[in-house]
Amino acid sequence: MLGIKIVQQNCRGLVETLGKYRKSVEAGIHFYIPLVQRVRSVNLAMRPLQLSQYSVITKDNADIKASVTLNYHVTDAKKYTYENTDSVESMSQLVRGHLRDIIGRLDLTDALGSTSKINADLAAAIGDLTNVYGINVDRVNIDELTPSVAIQEAMDKQLTADRERIATIAQAQGQAQNIKLTTDAQNRALIETAQAQAQATKTRADAESYRINKIQTSLENVNGNYFKDQSIHAFEGLASSNTNLVVLSKDEITTLGQVPVIKKMLDQK
C-alpha cells in the first residue's frame, strides 16, 4: 500500500506497469506506484530438481527406468517469467529427451556401466539450449538406471551361470595342478632313490676295488717266505686231516722238498 518493495539478495525484481513489463531492478529497496505498478521478485540462486523416474529404451530394446537430478539457476529473469509459461517443466522435458537419445544409442551393458559418460554427454547436449527458457543447467546427474524385473532376473541367472562356470574351471585347474604336483613329487622321489642306489653301488664298488688293490699291493711287497709259511700252515692242516689223497702239480711237488719242515713231515710219513 505504501509502494515500497524490497528485493532480496540474489534476486532480481521485475517492475510491471499496468501488467506490462517495464524494467528489471537489482536487490535492494524500490518504490513503485500502488495499483498501477507491481514488482515481481525472481530468485537467481541455484536450485536442485529431481525428475520423476521414467522409462528409457536402450539400443538392444531393453527397458530401464532412469532417475535424474539436476541443479539449475535462472540467468534471465525476464525470459524465465514472461517467455515461457513453465520454464522448469520445459527444461525437464529437454533433459528427458536428450537422455532418451543418448541411452537409445547404447546397449544395456554399456548404459549400466557408463553413467559418468552419459552425464558428460547429456551436459554437452543440453549446453546453451536452456538459455531460451532463461535457465542454465549447472549440473546433471543420473542417480539410477534400473532394468525391468524380467531383465534383472535374466541378468541374475547369467551372473550365477558365469560364477558356476568360473568355479568349475578353477576346480578343474586345481585338480590338474594337484595331479601335476603329485606326479612331479613321485618322479623326483624315483630319481632320488635311483641316484641313492647308484651312489651306494658306486660306494660298494669303490670299497671292493680299494680292498682288491690293497691286497694286490700287499702281495707285491711280500717275499717268498710268506708263501712258504702259508704252505706250511696248509700242510699242517692237511697232515692232521683224514685225507688219503692229495693232488698237486709237478712243480709244487718239486718245491715241497725245499721246505725243511715239509721234508721232515714227509720223512716221518
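In this chain, numbering begins with 1 at the start of the sequence shown.
Surrounding CD of Glu208 are more than 12 heavy atoms belonging to other residues, nucleotides or ligands, all under 6.0 Å away.
In summary, the side chains of Asp107 and Thr109 do not present any donor paired with an acceptor at a separation below 3.5 Å, with no hydrogens or angles considered. Side chains of Thr17 and Gln37: a donor on one and an acceptor on the other come within 3.5 Å.
The shortest heavy-atom contact between Asp101 and Arg105 is OD2-NH2, 3.1 Å. The minimum heavy-atom distance linking Ala125 with His98 is given by the pair CB-ND1, 3.7 Å. Across Ser41 and Cys11, no two heavy atoms sit closer than the pair OG-CB, 3.7 Å. Of all non-hydrogen atoms in Ser92 and Leu49, the two that sit nearest each other are OG-CD2, 3.5 Å. Summarising the geometry of Lys79 relative to Ser87, their closest heavy-atom pair is O-OG, 4.2 Å, with the distance given to 0.1 Å. Taking each heavy atom of Val56 and Ala66 in turn, the nearest pair found is CG2-CB, 3.9 Å.
Interatomic distance, CG of Leu99 versus CG of Leu122, reported as 5.5 Å (0.5 Å rounding). Here the CZ-NZ distance, from Arg38 to Lys5, works out to 9.5 Å after rounding to the nearest 0.5 Å. Taking CG of Asp76 as the reference point, atom OG of Ser24 lies at 7.5 Å (rounded to 0.5 Å). Here the straight-line distance linking atom CE of Met91 with atom CG of Leu51 works out to 7.0 Å at 0.5 Å rounding. If you take OG1 on Thr115 and CG on Asn141, they are separated by 7.5 Å, rounding to the nearest 0.5 Å. Separating the CG atom in Leu94 from the CG atom in Leu129 is a distance of 5.5 Å, to the nearest 0.5 Å.
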request  = Verify side-chain contact (heavy atoms from CB on, under 4.5 Å) between Val25 and Lys23, making sure each step is shown before the conclusion.
outcome  = CA-CA 7 Å; Val25 295; Lys23 65 178 180 178; 3.9 Å; yes
- Task: Would you please test Asn136 and Tyr72 for side-chain contact (heavy atoms from CB on, under 4.5 Å) and show each step?
- Result: CA-CA 6 Å; Asn136 181 71; Tyr72 72 95; over 6 Å; no
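Residues Tyr80 and Arg12 have side chains not in contact (no heavy-atom distance under 4.5 Å, counting atoms from C-beta outward). Between Leu106 and Lys59 the shortest side-chain heavy-atom distance does not fall below 4.5 Å. Thr58 is listed as a side-chain neighbour of Ile103, based on a closest heavy-atom distance under 4.5 Å.
Without hydrogens or angle criteria, Asn119 side chain to Ile142 main chain gives a donor-acceptor distance under 3.5 Å. Formation of a donor-acceptor pair under 3.5 Å by the Thr130 side chain with backbone atoms of Ile135 is found in this model. The backbone N or O of Ala205 lies less than 3.5 Å from no partner atom in the side chain of Ser209, so there is not a single donor-acceptor pair. The backbone N or O of Thr183 sits less than 3.5 Å from a side-chain atom of Asn187, completing a donor-acceptor pair.
Cluster annotation: Val95 is not connected to Ile57 through the hydrophobic network of ILVMFWY side chains, with a link wherever side-chain heavy atoms come within less than 4.5 Å. Clustering ILVMFWY residues whenever any of their side-chain heavy atoms sit less than 4.5 angstrom apart, transitively, puts Leu18 in a cluster other than the one holding Val15. Under a hydrophobic-cluster definition in which Ile, Leu, Val, Met, Phe, Trp and Tyr are linked whenever side-chain heavy atoms come within less than 4.5 Å, directly or via other members, Val68 and Met46 are assigned to different clusters. With hydrophobic clusters built from ILVMFWY side chains whose heavy atoms lie under 4.5 angstrom apart, Val36 does not share a cluster with Leu14. With hydrophobic clusters built from ILVMFWY side chains whose heavy atoms lie under 4.5 angstrom apart, Tyr54 shares a cluster with Val137.
Evaluation of the side-chain hydrogen bond (donor to acceptor under 3.5 Å, both in side chains) rule for Arg96 yields no partner, not counting sequence neighbours. Under the rule for a side-chain contact (heavy atoms from CB on, under 4.5 Å), the partners of Leu112 that lie at least two apart in sequence or sit in another chain are Leu108, Leu145, Pro147, Met155.
With respect to the salt-bridge test (charged N to carboxylate O, under 4.0 angstrom), the residues Glu16 and Arg22 do not qualify.
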